[in-house]
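Each remark here refers to the structure printed beneath this line.
When a ligand or atom number is given, it counts from 1 through the structure's own listing order. Heavy atoms only: backbone and side chains are in, while hydrogens, waters and symmetry mates are out.
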Amino acid sequence: MSVVAVVPAAGSGQRLGAALPKAFVPVGGVPILVRAVDGLLCSGVVDRVVVAVPADQVDAARSLLAGRPVMVVAGGSDRTDSVRNALHAIDGASGGERVHGGERAGTHAGDAHTDDTPGADHIVLVHDAARPLAPPELTAAVVAAVRSGRHAVVPVLPLADTVKQVDGAGRVHGTVDRSVLRAVQTPQGFTRALLDRAYAAAGPTATDDAGLVEALGEPVHTVPGHASAFKVTTPWDLELAEMLLARTPGAGT
Ligand code: CTP
Ligand code: MG
C-alpha cells in the first residue's frame with residue numbers, strides 16, 4: 001500500500017499574527033511548510049505529498065517545494081475543505097483541482113496524475129503544516145499502526161495540567177478527570193476508503209480528521225505522540241520552535 005500525505009496549509013495564521021500566512025513563515029530560516037513536508041518525506045514511509053495552500057500562494061508553494069514528490073492545490077475556507085481538496089487531487093478526481101493547481105511541484109502540469117496515481121487501497125496521512133517539528137519516527141509509527149490493520153490512527157499525549165470546567169463568567173464548575181483525556185496531534189493515518197467515507201459524511205462543524213471517523217461509529221486507535229509535534233499557533237510557539245532548532249546542529253539549513 002502506498003502512502004500519501006495530505007498537508008493542510010491554507011490557514012491564515014490569525015493567532016500567530018505574522019505578515020505572511022502561517023505556513024510560509026520561516027522557522028530557523030526555512031518556511032514552516034517546507035519543514036513539515038521534508039519531515040514527512042524524511043520518514044522514508046511517505047511516497048507522495050499533497051499540500052493545500054491559500055489560492056494566491058499556489059505558485060509560491062510550488063517554487064518552495066520544487067524537486068520533491070509534492071503536488072500543490074488551493075485550499076478552502078476551513079481546514080475540512082482544504083483536506084477535501086487535497087484528497088480529490090490525489091487521484092485527479094476532477095479537473096477543477098487541476099485548474100486550481102493540481103500540479104506536481106517543479107514539473108510539468110501534464111505529468112501530475114499520469115503514472116503514479118495510487119490505488120484506492122492506499123494509506124492517507126493528514127498532517128498539519130503548522131507542526132513543522134513532528135519527528136519522522138512519529139510518522140513511521142502512525143503508518144506502521146495502519147499497516148498492522150488499524151484503519152484510523154492518531155498520535156496522542158497525556159495532559160500535564162489539571163483541567164477544569166469553567167462557565168462564561170470564569171467560575172469553576174468542576175475538575176475533569178484528566179486521566180482519561182489525551183491531546184491529539186498529527187500526522188493522523190487512515191485507510192483511504194475509510195477517510196473518503198468520513199469526508200463524504202462530514203458536516204460543517206467537523207474539527208479533526210479522526211473526529212469524522214468517530215462520527216461514523218468506526219474505531220480510532222492511538223499511538224504515543226511526541227512533544228516535538230506541537231502545533232505552532234501563537235508567537236510563543238514560534239519562539240519555542242526557533243529555540244529547539246537553534247540547539248540542533250544543521251537544523252537551520
Ligand atoms: N488550515 C487549512 N485551511 C484552512 C484553515 C486551516 O489548510 N482554511 C490548516 C492550517 O494551515 C494549519 C492546520 O490547518 O496547518 C491547523 O490549523 P491552525 O493551526 O488553526 O492554522 P490557522 O487556521 O492558519 O491558524 P489560526 O486559526 O490562528 O488562524
Ligand atoms: Mg485555524
Original post:
Does at least one non-hydrogen atom of Ser12 fall below 4.0 angstrom from an atom of ligand 1?
Top reply: yes
Exercise. Quick one: does Thr233 get a heavy atom under 4.0 Å from ligand 1?
Worked result: no
Side chain [X], main chain [Y], donor-acceptor under 3.5 Å:
X      : Y      : answer
Ser63  : Asp59  : yes
Gln188 : Val153 : no
Gln185 : Leu157 : no
Arg178 : Ala160 : yes
Asp237 : Thr234 : yes
Arg48  : Pro69  : no

Nearest non-hydrogen protein atom, [atom]:
atom                    : answer
atom 13 (C) of ligand 1 : Asp128 OD1, 3.4 Å
atom 7 (O) of ligand 1  : Ala10 N, 2.9 Å
atom 20 (O) of ligand 1 : Arg15 NH2, 2.9 Å
atom 19 (O) of ligand 1 : Lys231 NZ, 2.7 Å
atom 8 (N) of ligand 1  : Gly76 O, 3.0 Å
atom 29 (O) of ligand 1 : Gln14 N, 2.7 Å

Out of Pro8, Pro21, Ala23, Gly11, the nearest non-hydrogen contact to atom 12 (C) of ligand 1 is supplied by Pro8
Could you give me the CA-CA distance, side-chain angles and deciding distance for Val4 and Val49, then say whether side chain to side chain contact (heavy atoms under 4.5 Å, CB included) is met?
CA-CA 6 Å; Val4 181; Val49 182; over 6 Å; no
When Arg35, Lys231, Arg79 are each screened for salt bridge (charged side-chain N to carboxylate O under 4.0 Å, His left out) with Asp128, the one that passes is Arg79
Atoms of ligand 1 less than 4.0 Å from [X] heavy atoms?
X      : result
Ser77  : 8 (N)
Ser82  : 2 (C), 3 (N), 4 (C), 7 (O), 8 (N)
Ala129 : 15 (O)

Q: Step by step, work out the side chain to side chain contact (heavy atoms under 4.5 Å, CB included) result for Val6 and Leu195.
A: CA-CA 12 Å; Val6 162; Leu195 193 61; over 6 Å; no
Considering distance alone, does some N or O of Gly13 sit under 3.5 Å from an N or O of ligand 1? yes
Using a plain distance cutoff, I'd like to know if Lys22 has any nitrogen or oxygen under 3.5 Å from a nitrogen or oxygen of ligand 1.
yes
Let's go through Thr186 and Val126 carefully: what are the C-alpha distance in whole Å and the side-chain angles of both, what is the deciding distance for side chain to side chain contact (heavy atoms under 4.5 Å, CB included) to 0.1 Å, and is it a yes or a no? CA-CA 7 Å; Thr186 75; Val126 185; over 6 Å; no
Verify atom 17 (O) of ligand 1: protein non-hydrogen atom under 4.0 angstrom away: no
